[in-house]
Asks: 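Below is a structure I'd like to ask you about.
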Amino acid sequence: MVSTPGEQQAHGGPATHGVTNQAPPLTPYDASEDTALLEGLRREGAGWAEEDLRRLGRQAGSVQAQEWADLANRHEPELRTHDRYGNRVDEVAFHPSWHHLMGTAIAEGLAASPWADDRAGAHVARTAGGLVWGHTEAGHGCPTSMTYAAVPALRRQPELAKVYEPLLTSREYEPGLRVPTEKRGLLAGMGMTEKQGGSDVRTNTTTATPTSEPGVYTLRGHKWFTSAPMCDVFLVLAQAPGGLSCFLVPRVLPDGTRNTFRIQRLKDKLGNRSNASSEPEFDGTVAWLVGPEGQGVKTIIEMVNCTRLDCVMMSAALMRKSLVEAGHHARHRSAFGARLVDQPLMRNVLADLALESEAATTLTLRLAGAADRAIRGDDRETAFRRIATAVGKYWVTKRGPAFTAEALECLGGNGYVEDSGMPRLYREAPLLSIWEGSGNVNALDVLRALSREPGTAEALFSEFARAQGADARLDAAVARLRNRLSGASQTTARRLVEEMALTLQASLLVRYAPPAVADAFCATRLAGDWGQAFGTLPEGADLDAIVERALPGGN
């Protein structure tokens, strides 16, 4: 008679269900345990927020928050076009985990609350919070980012800002469609992209017809990609008699009736699946003019600066989360007689990823500091922000997909299965390079800044000058970049912006990071002593110092 597996195990036979050599769960962990992040927070003027950031980091890495992230992505939003009686409602239903994530993000000041905070560094603190809370899931970062970015655009119409800004900057999350002024807090979305236009928003065909009431119009058109349709108000571009203009569109009108906002479908996206992105149709939709007619692009330009920074921030957060997952796995799994983290080749991979992650985090916080100071009236930082945000948006978001793929590979087959969470990070990474202008759009924007706003180049090179003489490779890179500017063209735009980004990251690391980090970054990213994949740092790089700085605490 053949014995059962249980009987075999009881009698000393082979045990088929024992699990060995697998990493334990990462959670709970502290997502704020990141030396580069904390140093940048203090350096950019928001050290006062460190205690709150650390608390948020522990919450982000908690079992509960990580479960919210998983459930929000497994149970995707559902569109309800009609109620049971046949009335058009155009509502989107979300899993409770989505609302938990949203409620936390807004309560922690990750939406528009910095605009109501007079403390220097308030916008830096928000960005740092996003870097930490980004360890949960990225989808709910879309409505919080748009809400944040809507405020400066809305200020172009003071009468509207007076009504809506206190609600947009609130730390109260109140889902559900109701009269906006009767709620404790609001969310804002955006409707820019159309089927025929994409990034070329000037080809917009949605029409805006003035009514008899000053400043009030009706819209007619079809938007191709609008996130997130459950928001309370939207900033929308449409063609008015005076040209392309910006409008505020509430989902519910002041008298309590539903504004016409017909959601034709939700997008079936590669990633960002917890968030609803939609195709709404406007037909007699009531809208309020924001800024003068014909100045729609000028009205939303400040909004674009904000959302592009958030794209850099979220890419850096995905990199950091991926690195933490890879490091945790490597510290607990063994192969060929040693832990993976102690194998020289794996240590090289982790160190290379750590360099990329620290460079992204450091640049993100520098951009946030520039934004904070520019908002407070610093002209030099305004010029630096103008070009550096586009440079950072181009490069950091481009590095995200390759980075997350390499981190996933560190887990091998364990990382390829959905339960690990790594596929979700990998699917999310390409979005940040597409949203708010693809790579080409941002490269062209850099060329536009250089040709039309000469002070931006001066501001960038002034930033490089702060590290002059500290590293010969950096000095040589700055000189090459200055020479390249004279021959800048569309054909070479990507190469130019890439060199700007690497030189800027190197200059920040030379000034602020330990020698092991700065030296390895300059040797590889600037001097070319590097392969074409992660894990190709040169002989002599201080791998131990780099890895231990990036992965403290034994996680």
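No experiment lies behind these values; they were computed from the predicted model shown.
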Asks: Return the minimal non-hydrogen interatomic distance between Ser322 and Leu425, and the atom names on each side.
Replies: OG-CD1, 3.6 Å

Asks: Kindly say whether Gly400 contributes a backbone atom to a donor-acceptor pair with the side chain of Ser315 at under 3.5 angstrom?
Replies: no

Asks: State plainly whether the residues Glu279 and Lys223 are in salt-bridge range, i.e. N to O under 4.0 Å.
Replies: no

Asks: State, to 0.1 Å, how close Ala65 and Gln59 come at their nearest heavy-atom pair, and which atoms those are.
Replies: CB-O, 3.0 Å

Asks: Answer yes or no: is there an ion pair linking Arg265 with Glu281, defined by an N-O contact shorter than 4.0 Å?
Replies: no

Asks: Does the side chain of Thr299 come within less than 4.5 Å of Leu235's, by heavy atoms?
Replies: no

Asks: Should Leu248 and Tyr164 count as side-chain neighbours, where that means a heavy-atom distance under 4.5 Å?
Replies: yes

Asks: Scan residues 402-416 for pairs that pass side-chain hydrogen bond (donor to acceptor under 3.5 Å, both in side chains), counting only residues two or more places apart or in two chains.
Replies: Gln22-Asn414

Asks: Between Glu137 and Arg427, is the closest basic N to carboxylate O distance under 4.0 Å?
Replies: no

Asks: Supply the atom-to-atom distance Thr136 OG1 to Asn73 CG, rounded to the nearest 0.5 angstrom.
Replies: 9.5 Å

Asks: Whether Arg74 and Asp419 form a salt bridge (side-chain N of Lys/Arg under 4.0 Å from carboxylate O of Asp/Glu) is what I want to check.
Replies: yes

Asks: Donor-acceptor pair, distance only, cut-off 3.5 Å: does the side chain of Lys183 make one with the backbone of Glu174?
Replies: yes

Asks: Any Lys/Arg nitrogen of Arg42 or Glu50 sitting under 4.0 Å from an Asp/Glu carboxylate oxygen of the other?
Replies: yes

Asks: Counting distance only, does the side-chain N/O of Ser357 pair as donor-acceptor with the main-chain N or O of Ala354 below 3.5 Å?
Replies: no

Asks: Do the side chain of Glu428 and the main chain of Asn272 share a donor and acceptor less than 3.5 angstrom apart?
Replies: yes

Asks: Using the test side-chain contact (heavy atoms from CB on, under 4.5 Å), find all partners of Ala390 that sit at least two apart in sequence or belong to another chain.
Replies: Arg308, Asn442, Asp445, Val446

Asks: Any carboxylate oxygen within less than 4.0 angstrom of a Lys/Arg side-chain nitrogen, looking at Arg549 and Glu39?
Replies: yes

Asks: Assess whether atom CZ of Phe225 is packed by more than 12 heavy atoms of other residues, nucleotides or ligands within 6.0 Å.
Replies: yes

Asks: Look at Arg258 together with Glu91 and state whether they make a salt bridge at an N to O cut-off of under 4.0 Å.
Replies: yes

Asks: Check for a donor-acceptor pair, side chain of Arg80 on one end and backbone N or O of Val92 on the other, with a separation under 3.5 Å.
Replies: no

Asks: Within the 3.5 Å criterion, strictly below it, is a donor on Gln66 or Thr27 matched to an acceptor on the partner's side chain?
Replies: no

Asks: Does Lys393 make a cation-pi contact with Trp435, if we ask for NZ or CZ under 6.0 Å from the ring centre and within 45° of the axis?
Replies: no

Asks: Once rounded to the nearest 0.5 Å, what's the spacing between atom CZ of Arg88 and atom CD1 of Ile263?
Replies: 8.0 Å

Asks: Once rounded to the nearest 0.5 Å, what's the spacing between atom CE of Met146 and atom CG of Leu168?
Replies: 12.0 Å

Asks: To the nearest 0.5 angstrom, please state how far the NE2 atom of His222 sits from the CD atom of Glu194.
Replies: 9.0 Å

Asks: So, taking the atom named CG in Leu41 and the one named CG in Leu53, what distance separates them when rounded to the nearest 0.5 Å?
Replies: 6.0 Å

Asks: Would you confirm whether Arg320, through its side chain, and Leu37, through its main-chain N or O, come within 3.5 Å as a donor-acceptor pair?
Replies: no

Asks: Quick check: are there more than 12 heavy atoms from other residues, nucleotides or ligands sitting under 6.0 Å from CD of Glu418?
Replies: yes

Asks: Sequence neighbours left out, what pairs pass side-chain hydrogen bond (donor to acceptor under 3.5 Å, both in side chains) with at least one residue falling in residues 105-126?
Replies: Arg55-Glu108, Asp117-Arg119, His123-Tyr148, Arg126-Asp310

Asks: For the CG atom of Leu131 and the OG1 atom of Thr361, what is their distance to the nearest 0.5 Å?
Replies: 5.5 Å

Asks: According to side-chain contact (heavy atoms from CB on, under 4.5 Å), who are the partners of Glu182, at least two apart in sequence or on a separate chain?
Replies: Val179

Asks: Do Glu302 and Arg385 sit within salt-bridge range, that is, some charged N less than 4.0 Å from a carboxylate O?
Replies: yes

Asks: Less than 4.5 Å apart, side chain to side chain, heavy atoms only: is that true for Glu356 and Arg525?
Replies: yes

Asks: Enumerate the ring pair (Phe, Tyr, Trp, His ring centres under 6.0 Å) contacts for residues 59-79, please, sequence neighbours excluded, ordered by first and then second residue.
Replies: Trp68-His100, His75-His95

Asks: Could you tell me whether Arg273 and Asp268 make a salt bridge, using a distance below 4.0 angstrom between a side-chain N and a carboxylate O?
Replies: yes

Asks: Checking Phe261 against Asp90 for the side chain to side chain contact (heavy atoms under 4.5 Å, CB included) test, could you report, in this order, the C-alpha distance in whole Å, the side-chain angles of both residues, the deciding distance, and whether it holds?
Replies: CA-CA 7 Å; Phe261 193 100; Asp90 296 290; 5.5 Å; no

Asks: Who passes side-chain contact (heavy atoms from CB on, under 4.5 Å) against Ile301, sequence neighbours left out?
Replies: none

Asks: Can you tell me if Asn440 and Arg494 form a side-chain donor-acceptor pair at under 3.5 Å?
Replies: yes

Asks: Quiz question: by atom type and distance under 3.5 Å, do the side chains of Tyr29 and His328 form a donor-acceptor pair?
Replies: no

